[in-house]
Amino acid sequence: MSSVTVRVPAKVNVQLSVGPLREDGYHDLVNVFHAVSIFDEVVAKESESITVQVNGKWSDQVPTDDCNLAIRAARALAKHAGRTYGADLIIQKEIPVAGGMAGGSADAAGALVACNELWGLGLPMEDLMEIAGDLGSDVPFSLIGGTAVGTGRGEQLSELPTGGTFHWVFALADGGLSTATVYAECDRLRAALGAEVPWPMLDDSLMEALGTGDAYALGSHLTNDLQAAALNLRPELAPTLDSGRQHGALGAIVSGSGPTCAFLAIDATHARDLAQSLTATGAAHTAVAAHGPVHGATLV
Ligand code: ATP
């Protein structure tokens, strides 16, 4: 096989509960991931060495050296297989960069699946999940997709059943937000308040809403403990969220560490209308309708 193509989705967190800061600098999380139909494509072609090329809207913001998560993933896979392999990785980026939608993790997951195939390794999903967990806490989810709850640092995953398709709109912001900066701001705000940070718990009502496919109930139970920090760093996101609510969004939330804003719509038609209203009113310069859950990294 000389070329393999993998499609891999973005995610939104429908619950992101952040526990107290641990001594190792991480936080215990309850992180409910939901994969949505905004996809990066990762092509892996036979080559002597491992290289990456990034095309598409956000390509100028993505490193093409050894920091690129797709390169790191391919190298980790080759190391696991115990041999030197090469691959030219070509990424078509549709997922916003540093947008709180796990775009880098998606590319890492895409590279794992693509190189596993290109190199004829035939490694089972369990092995890929293990390598993914070492690459970053969102990478295992990008492999499986669907809806899943991550605990620990977010890397211990259990799939969650969902009772239907949910329709979303994502308002893309200019420029990204660094995940580390947003966590640091969250810690700073909490320290200033001085209140004890509760242990993160999975929201039973949210689970029920996901299980029954009830978009109205899901909309009222979306939570993100990083939202206050993201809004402090990017105050212009607050009117964007308000505008979505005014146009009938069932829920409006910052996606992960932001700055992308996620809006839950009633159905596909409402999602289209909502996206149009957000851009027409200037609340967002780009708004994309999508649905979830969708499958994780998939060979095409
Ligand atoms: P998360 O939601 O997982 O916290 P994010 O979606 O906010 O992450 P990413 O798009 O994953 O952020 O990008 C984070 C940083 O990772 C970027 O600033 C970029 O420099 C770096 N990066 C490395 N490889 C990639 C890649 N393949 N795609 C995007 N960003 C990458």
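Numbering of residues begins at 1 and proceeds along the displayed sequence. Numbering of ligands and ligand atoms starts at 1, following listing order. Just so you know, these numbers use all the heavy atoms, side chains as well, and skip hydrogens, waters and symmetry mates.
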List ligand 1 atoms under 4.0 Å from [X], heavy atoms only on the residue side.
| X | answer |
| --- | --- |
| G103 | 6 (O), 10 (O), 11 (O) |
| K11 | 2 (O) |
| P96 | 10 (O) |
| K93 | 28 (N), 29 (C) |

| task | Would you check, one step at a time, whether the test side chain to side chain contact (heavy atoms under 4.5 Å, CB included) holds for D187 with H27? | result | CA-CA 10 Å; D187 292 334; H27 300 79; 2.7 Å; yes

| query | What about G100: any of its N or O atoms under 3.5 Å from an N or O on ligand 1? | reply |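 Between G100 and ligand 1, an N or O pair is found under 3.5 Å apart.
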
| query | Counting both backbone and side chain atoms, is some N or O of A102 under 3.5 Å from an N or O of ligand 1? | reply |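 Between A102 and ligand 1, an N or O pair is found under 3.5 Å apart.
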
| task | Go through R72 and D66 one step at a time and tell me if the side chain to side chain contact (heavy atoms under 4.5 Å, CB included) criterion holds. | result | CA-CA 7 Å; R72 287 182 44 212; D66 283 0; 5.8 Å; no

| Exercise check, heavy-atom protein proximity under 4.0 Å to atom 16 (O) of ligand 1 | no

| message | I want to check something: taking the side chain as every heavy atom from C-beta on, are D28 and T151 in contact at a cut-off of under 4.5 Å? | response |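 D28 does not reach T151 side chain to side chain.
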
| task | For R72 and ligand 1, answer yes if some heavy atom of the residue is under 4.0 Å from a ligand atom, otherwise no. | result |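 Contact check R72 vs ligand 1: negative.
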
| Any non-hydrogen atom of C67 lying under 4.0 Å from ligand 1? | yes

